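Just below is one structure, and these are the notes that go with it.
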Amino acid sequence: MLNKLVVFLLTIPLFTFATTVNIGIYTDLQVTSLLVTQQSGNYYLDFDNSSKREMDNESVYFIFAINDSILIKSNQQILGRFKRIEFKENAPSVLKVRCILPSTASKLFDNNLVLFSENGSLKVRNVVELENYVAGVVEMEAGSNHTLEYYKVQAIICRTYALSNLRRHETEQYNLCDNVHCQVYKGNNRLNQQITEATLQTKNLVLVDKKSELITTAFHSNCGGQTCNSEDVWGMSKPYLRSVRDTFCLRQRNATWVKSVPKSNWVNYLNQNCKPCANDSSLLCCNFDQTERKTSLSYSSIQIPLKNIRNDLRLKSSFFAIQVQPDSVLFIGKGYGHGVGLCQEGAIQMAKAGLKYNYILHYYYKDVDIINLNQLHFFKD
Ligand SMILES: [Zn+2]
Ligand SMILES: [Zn+2]
């Protein structure tokens with residue numbers, strides 16, 4: 001019993017998640033100079049972990065990359081040249097940052113900022129409270145004019161993604177980048193009070209599977225009426241990423257699409273991707289339909305995965321019918337995106353209809369639990 005208790009106590013720190021995350025900022029730009037001001041709260045500057053300076057509301061700090069060091073100026077005065085500068089908050093605070101070269105709009109960043117230079121390019125890290133980061137991501141990923149309930153759905157998805165991908169940029173010594181490679185994050189500009197509220201009301205809530213592992217929170221714009229099994233798109237089977245019917249998204253913006261392709265292009269494509277077609281022209285260019293999602297284009301001896309056709313022809317989805325015209329081939333499609341996991345336009349409509357965030361998440365992710373991340377280590381035991 002005692003041994004069990006000791007093991008249990010030793011186990012806790014391993015499974016306690018960090019409440020701050022280290023985000024690479026401006027990772028898609030080569031920034032050589034920027035401006036930092038104190039938007040609210042109270043900061044101090046830390047130079048190379050060796051000297052400190054209090055920050056005031058009026059001062060503007062100019063920061064320039066020079067090879068592997070940075071020069072900092074304030075009010076026409078050079079403060080010095082350092083390897084690393086940190087803007088550290090004394091209490092919850094917000095910084096305003098604007099790049100000069102290249103020029104960008106101002107952004108607001110909560111909590112702390114770390115700056116250093118590599119080969120004349122500034123590296124910027126926002127060491128930010130998890131919940132502030134989540135609100136910033138929801139602002140970018142979900143867009144405006146949605147219900148509080150939908151923002152709660154998106155907050156839980158973004159939080160789960162962040163915590164299950166903390167090692168994505170391990171070699172660069174930060175957790176997540178600020179662009180589509182991870183999750184788009186442009187600071188927390190608090191443009192929408194509902195997002196702040198939704199983040200607060202779902203604080204620490206994450207999605208886990210039956211093994212208490214954080215799930216892959218796949219989502220897409222519109223499923224066209226039916227989502228996909230993960231293995232049919234990615235070859236990776238997940239018990240919670242199952243195909244479900246969805247009528248909520250059917251009349252939404254991305255529910256249908258049509259693309260016309262010259263017939264000769266389609267014949268060439270089939271010739272290249274289907275050996276039997278090259279020997280038997282009668283196999284070419286037949287109509288095709290999916291009332292339920294199929295995984296491949298199959299008529300006679302033709303078998304081409306629909307996901308390949310979608311990628312090769314840059315179609316909005318793999319849920320399409322084919323109608324052959326005299327000179328062209330019409331792809332008449334449903335939905336937008338890979339079709340795995342949560343359908344955003346369906347979830348938005350569900351929330352508008354008054355359904356709760358937990359119902360919506362359980363609808364698209366099967367056999368999952370919504371738990372407080374602080375409970376994760378108990379489940380692990
Ligand atoms: Zn990334
Ligand atoms: Zn849908």
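Just so it is clear, the model here is predicted, and its values are computed rather than measured. We number each residue from 1, following the sequence as shown. Indexing begins at 1, ligand by ligand and atom by atom, following the structure's order.
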Side chains of residues 44-53: which donor-acceptor pairs under 3.5 Å do they make with residues two or more places apart or in other chains?
{"from": "Asp46", "atom 1": "OD1", "to": "Asn49", "atom 2": "N", "distance (Å)": "2.9"}
{"from": "Asp48", "atom 1": "OD1", "to": "Lys83", "atom 2": "N", "distance (Å)": "3.0"}
{"from": "Asp48", "atom 1": "OD1", "to": "Arg84", "atom 2": "N", "distance (Å)": "2.8"}
{"from": "Asp48", "atom 1": "OD2", "to": "Lys83", "atom 2": "N", "distance (Å)": "3.3"}
{"from": "Ser50", "atom 1": "OG", "to": "Phe47", "atom 2": "O", "distance (Å)": "3.1"}

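- Using a 4.0 Å cut-off between a side-chain N of Lys or Arg and a carboxylate O of Asp or Glu, Lys211 and Glu213 do not qualify as a salt bridge.
- Listed by chain and residue number, the protein N/O/S atoms under 2.8 Å of the Zn ion (ligand 1) are His169 NE2, Cys177 SG, His181 ND1, Cys182 SG, with waters left out.
- With the Zn ion (ligand 2) at the apex, Cys249 SG and Cys343 SG define an angle of roughly 110° (rounded to 10 degrees).
- A donor atom on one side chain and an acceptor atom on the other are found under 3.5 Å apart for Thr27 and Asp178.
- The N, O or S atom of Asp246 with the smallest distance to the Zn ion (ligand 2) is OD2.
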Identify every side-chain donor-acceptor pair in residues 127-140 under 3.5 Å, counting partners at least two apart or on other chains, and give the distances.
{"from": "Glu131", "atom 1": "OE1", "to": "Arg159", "atom 2": "NE", "distance (Å)": "3.3"}
{"from": "Glu131", "atom 1": "OE1", "to": "Arg159", "atom 2": "NH2", "distance (Å)": "2.7"}
{"from": "Glu131", "atom 1": "OE2", "to": "Arg159", "atom 2": "NE", "distance (Å)": "3.1"}
{"from": "Glu131", "atom 1": "OE2", "to": "Asn204", "atom 2": "N", "distance (Å)": "3.1"}
{"from": "Asn132", "atom 1": "ND2", "to": "Asn111", "atom 2": "OD1", "distance (Å)": "3.0"}
{"from": "Tyr133", "atom 1": "OH", "to": "Gln183", "atom 2": "NE2", "distance (Å)": "3.3"}
{"from": "Glu139", "atom 1": "OE1", "to": "Arg190", "atom 2": "N", "distance (Å)": "3.3"}

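- With respect to Arg245 and Glu292, a salt bridge is recorded, a charged nitrogen being found less than 4.0 Å from a carboxylate O.
- Side-chain atoms of Cys343 and His220, non-hydrogen and from C-beta on, do get closer than 4.5 Å to each other.
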Between side-chain atoms of residues 315-329 and protein atoms elsewhere (two or more places apart, or another chain), which donor-acceptor pairs fall under 3.5 Å?
{"from": "Ser317", "atom 1": "OG", "to": "Trp257", "atom 2": "NE1", "distance (Å)": "3.2"}
{"from": "Ser317", "atom 1": "OG", "to": "Phe319", "atom 2": "N", "distance (Å)": "3.3"}
{"from": "Ser317", "atom 1": "OG", "to": "Lys334", "atom 2": "O", "distance (Å)": "2.7"}

